[in-house]
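Note sheet for the following structure.
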Amino acid sequence: MTNYQEVFTHSITGPESFWGKAAQAIQWTKKWDRVLDESDKPFYRWFAGGELNTCYNALDCHVANGRKDQVAIIYDSPVTDTVRKITYGELLESVSVFAGALTGIGVVRGDTVIIYMPMIPEALTAVLACARIGAVHSVVFGGFAPNELAIRIDDARPKVIISASCGIEGKKILSYKPLMDEAIHLAAHKPEKCVIFQRPQVKADLIPGRDLDWDNFTEGAKPVPCVSVAATDPLYILYTSGTTGKPKGVLRDNGGHAVALKWSMEHIYDVKPGEVFWAASDVGWVVGHSYIIYAPLLHGCTTIVYEGKPVGTPDPGAFWRVISQHNVSVLFTAPTAFRAIKKEDPAGEYLKKHNISCLRYLFLAGERLDPDTYYWANDMLKIPVVDHWWQTETGWPIAANCMGIEPLPIKAGSPTKPVPGYNVQILDADGNRLPDGEEGSVVIKLPLPPGCLPTLWQDDKRYLEYVTERPGYYVTGDGGRFDEDGYLYIMGRIDDVINVAGHRLSTGAMEEIVSKHKDVAECAVLGAEDQLKGQVPVGFVVLKAGVDRKPEDIIAELVQMVRSELGALACFKEAAVVKALPKTRSGKTLRGTMRNIVDGKSYVVPSTIDDPAVLTSIEESARNIGYGKKG
Ligand code: COA
Ligand code: AMP
């Protein structure tokens with residue numbers, strides 16, 4: 001079939017036959033009893049009764065089928081001036097040995113392991129080794145501060161933490177080990193062992209009895225084979241921001257995940273086994289899990305682990321250099337990366353220095369693709385620029401222009417149409433379905449397709465919040481609409497989640513930190529539009545009565561608090577001290593109105609407002625820190 005509508009209709013009307021067929025592309029050690037188990041709604045299980053091993057499908061089966069000498073990973077690190085190629089055969093060897101070493105310290109199927117590592121191939125070795133022995137990995141993005149890592153340690157309760165001596169961010173060398181030590185100190189749960197990969201730039205001090213040097217750890221370890229696990233067993237936990245300071249532990253199963261990712265490589269990304277697929281993201285994010293690690297390897301592609309930035313390492317030609325040097329067929333990155341390149345090289349002078357005729361598609365996701373960036377990328381590259389929409393929870397795209405099914409005409413500002421498997425609908429505030437053209441809450445009719453979260457890690461109750469607000473639907477948290485041609489438009493989050501340079505963050509988490517300051521009575525943190533990063537957080541702070549310190553000193557302390565408790569990636573740099581926050585008569589902060597003020601948009605004064613004069617002072621304060629309507 002090569003007709004999008006036919007494929008989509010089949011996926012919705014006959015999900016069991018659709019996904020049962022897709023599952024044949026995966027090697028199973030035991031066939032499933034049911035493709036879709038609906039016996040415990042709204043919890044759905046895909047391929048119940050089936051058994052497999054995800055690492056086997058990513059490595060062993062390719063080595064057995066003639067890909068032993070094909071490059072599996074290209075490690076390209078402009079920050080260390082390194083290019084290293086690792087074949088499928090070599091990767092299988094190092095993963096089997098590392099898995100053997102983990103087994104040697106008592107890690108068994110079902111144990112959890114936290115991985116806190118920079119963009120180096122050893123991060124993939126650690127991930128795949130966990131999958132090989134049925135241990136549940138939880139990768140934590142290296143940019144998170146110790147406090148955030150500690151929260152994840154206490155939730156995942158890892159037996160082992162795997163880390164590296166340092167990460168390299170542009171020109172900065174960041175020691176990871178002290179951050180890990182601090183996190184373990186803050187956490188109530190203590191891991192039994194920590195395995196540290198020593199990089200030449202920094203030698204970490206190891207704590208005797210607890211810490212193990214990666215090289216010594218693996219020396220002499222015996223390679224181990226794959227353990228067969230249930231399709232419904234957890235493969236990994238990935239924490240993502242919710243609306244509070246407590247992150248959500250998105251759970252991924254083994255069977256549905258492997259089937260969906262493999263299917264997506266052919267049908268969405270139109271990439272063939274043996275080709276080079278580059279997701280320029282980080283292993284700490286969902287894009288990294290799905291499209292740096294698992295999907296390219298499940299599909300027999302070569303993946304790129306890029307330790308650099310789109311600009312500054314060394315220049316805005318960095319992406320073009322990597323594409324041409326490694327013969328990349330498909331590039332996937334965040335719009336922010338393209339905005340950064342466009343800002344430094346608007347006329348594409350650096351692009352002219354490289355031959356990137358190998359590149360067939362550019363896929364962008366992680367945040368809204370603004371039409372300006374779309375047109376610029378399109379003009380520069382002259383290949384399809386495909387916006388696609390998804391979330392950590394789904395693990396793979398919800399809406400896209402499926403290049404491997406039937407490329408549809410592109411409309412700037414839209415990620416095109418729902419991907420087969422996702423029955424996307426738009427509901428109003430009362431849960432009624434809205435007609436095309438009207439904007440509302442974007443939901444997905446249950447069941448979600450394979451690969452999406454079956455629940456949250458040890459928190460079924462919080463998972464139910466996604467699926468009980470609108471019974472029968474998964475609520476995405478995004479607002480949007482369909483147009484008359486069935487194209488979807490995602491307009492942004494309708495909760496307190498923001499997207500900063502493609503990084504998903506919670507304003508609630510920042511408010512919790514700011515509120516801890518001794519002089520702060522209350523605060524609101526909002527996402528303000530930003531030309532480069534899409535959004536950046538901006539705070540409004542009310543001080544306790546009697547505080548007469550200089551506002552700028554307090555704000556500097558707040559900026560530092562968010563940086564050290566959440567991480568530099570939050571980019572919380574601007575805040576204003578105000579006399580009061582605008583509230584309804586029942587005491588609810590008028591965040592929507594404040595967001596409009598900060599973005600300089602017109603707004604209607606809500607009839608429920610307690611004191612309209614407060615809005616005028618917010619407008620003035622926003623202007624003072626460079627936001628809102630000018631003049
Ligand atoms: N470890 C430690 N610190 C990190 C980090 C990591 N892995 N990643 C980011 N940081 C730090 C940065 O060093 C920076 O610190 P600073 O305030 O001391 O300078 C801060 O967090 C903000 O980082 P970032 O948002 O990356 O800003 P930047 O100015 O360094 O770079 C871009 C801007 C646009 C080049 C960059 O954000 C980018 O490449 N974005 C693409 C994002 C992406 O791929 N997202 C994945 C979703 S698909
Ligand atoms: P994350 O879980 O980090 O992948 O972030 C998911 C959120 O990013 C979504 O809920 C959207 O708000 C936003 N997002 C991701 N991709 C897109 C896109 N293509 N268009 C608009 N918003 C997007």
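Both counts, for ligands and for their atoms, begin at 1 and track the order of listing. Model, not experiment: these values are computed from the prediction. Atoms considered below: every heavy atom in the structure, side chains included; atoms not considered: hydrogens, waters and symmetry mates.
- The distance from the OH atom of Tyr4 to the OG1 atom of Thr416 is 9.0 Å, given to the nearest 0.5 Å.
- At a heavy-atom distance under 4.0 Å, no atom of Val500 approaches ligand 1.
- A search for salt bridge (charged side-chain N to carboxylate O under 4.0 Å, His left out) contacts involving Asp483 returns Lys411, not counting sequence neighbours.
- Each of the following atoms of ligand 2 lies closer than 4.0 Å to a heavy atom of Gln391: 2 (O), 4 (O), 6 (C), 10 (O).
- With His503, Lys171, Glu169, Lys343 as candidates, the residue nearest to atom 5 (C) of ligand 1 on a non-hydrogen basis is Glu169.
- Scanning the protein heavy atoms around atom 16 (N) of ligand 2, the nearest turns out to be Gly366 N, 3.1 Å.
- Of the polar atoms of Thr333, none of the N or O atoms is found under 3.5 Å from an N or O of ligand 1, judged by distance alone.
- A donor-acceptor distance shorter than 3.5 angstrom exists from the side chain of His388 to the backbone of Leu364, with no hydrogens or angles considered.
- Of all protein heavy atoms, the one closest to atom 8 (O) of ligand 2 is Asn499 ND2, 2.9 Å.
- Using cut-offs of 30° and 60° on the angle between ring planes, the pair Tyr466 and Tyr474 is parallel.
- Near Pro310, meaning under 4.0 Å from any of its heavy atoms, are these atoms of ligand 1: 35 (C), 39 (O).
- Taking NZ from Lys246 and OG1 from Thr244, the interatomic distance works out to 7.5 Å, rounded to the nearest 0.5 Å.
- Taking any N or O of Glu393, backbone or side chain, none lies under 3.5 Å from an N or O belonging to ligand 2.
- Among protein heavy atoms, atom 5 (O) of ligand 2 sits closest to Arg504 CD, 3.5 Å.
- Within 6.0 Å of the CD atom in Gln531, the count of heavy atoms belonging to other residues, nucleotides or ligands does not exceed 12.
- Those atoms of ligand 1 that come under 4.0 Å of a heavy atom in Gly502, given as number and element, are 47 (C).
- Summary of contacts: the protein heavy atom closest to atom 45 (N) of ligand 1 is Ala501 O, 3.7 Å.
- Counted by atom type alone, Thr313 and Tyr306 present one or more donor-acceptor pairs between their side chains at under 3.5 Å.
- Listed by atom number, the atoms of ligand 1 under 4.0 Å from Ala280 heavy atoms are 44 (O).
- Between the side chains of Glu393 and Thr240, no donor N or O sits under 3.5 Å from an acceptor N or O.
- Proximity to Lys172 (heavy-atom distance under 4.0 Å) selects the following atoms of ligand 1: 12 (C), 13 (O), 14 (C), 15 (O), 16 (P), 18 (O), 19 (O).
- Of all the atoms in ligand 2, the ones that sit under 4.0 Å from a non-hydrogen atom of Asp387 are 18 (C), 19 (N).
- For His267, the ring-ring contact (aromatic ring centres under 6.0 Å, His included) partners at least two apart in sequence or on another chain are Trp263.
- Any N or O atom pair closer than 3.5 Å counts here, and Phe141 shares no such pair with ligand 1.
- Looking at Trp285 next to ligand 1, no N or O pair under 3.5 Å apart turns up.
- Heavy-atom contacts of His388 reach the following atoms of ligand 2: 16 (N), 18 (C), 19 (N) (cutoff under 4.0 Å).
- Ligand 1 has no nitrogen or oxygen under 3.5 angstrom from a nitrogen or oxygen of Thr336.
- Distance check: Arg504 CZ to Phe141 CZ gives 15.0 Å after rounding to the nearest 0.5 Å.
- Of the protein's heavy atoms, Asp478 OD1, 2.6 Å lies nearest to atom 12 (O) of ligand 2.
- The protein heavy-atom contact nearest to atom 48 (S) of ligand 1 is Val287 CG2, 3.5 Å.
- In this structure, a donor-acceptor pair under 3.5 Å is absent between the side chains of Tyr350 and Asp315.
- Checked options Tyr422, Tyr291, Tyr294; the residue passing with Trp396 is Tyr422 (criterion: side-chain hydrogen bond (donor to acceptor under 3.5 Å, both in side chains)).
- Near Ser281, the atoms of ligand 1 lying under 4.0 angstrom from a non-hydrogen atom of the residue are 44 (O), 46 (C), 47 (C), 48 (S).
- Heavy atoms only, all atoms of each residue included: Ser165 and Ile196 are closest at N-CG2, 3.9 Å.
- Closest to atom 18 (C) of ligand 2 among all protein heavy atoms lies Glu367 O, 3.2 Å.
- Only side-chain heavy atoms of Tyr176 come within less than 4.0 Å of ligand 1; its backbone N, CA, C and O stay farther off.
- In summary, Arg360 and Asp270 engage in a salt bridge, as defined by a charged side-chain N under 4.0 Å from a carboxylate O.
- At a heavy-atom distance under 4.0 Å, no atom of Arg339 approaches ligand 1.
- Within ligand 2, counting atoms from 1 as listed, the ones closer than 4.0 Å to a heavy atom of Ile490 are 21 (C), 22 (N).
- Atom 6 (C) of ligand 2 has its closest protein heavy atom at Trp390 O, 3.5 Å.
- Heavy-atom proximity to Thr392, at under 4.0 Å, picks out these atoms of ligand 2: 1 (P), 2 (O), 3 (O), 4 (O).
- Looking at Lys309, Glu367, Arg563, it is Lys309 that brings a heavy atom closest to atom 26 (O) of ligand 1.
- For atom 25 (O) of ligand 1, the closest non-hydrogen atom on the protein side is Lys533 NZ, 3.4 Å.
- Taking CG of Asp599 as the start and CZ of Arg595 as the end, the distance is 9.0 Å to the nearest 0.5 Å.
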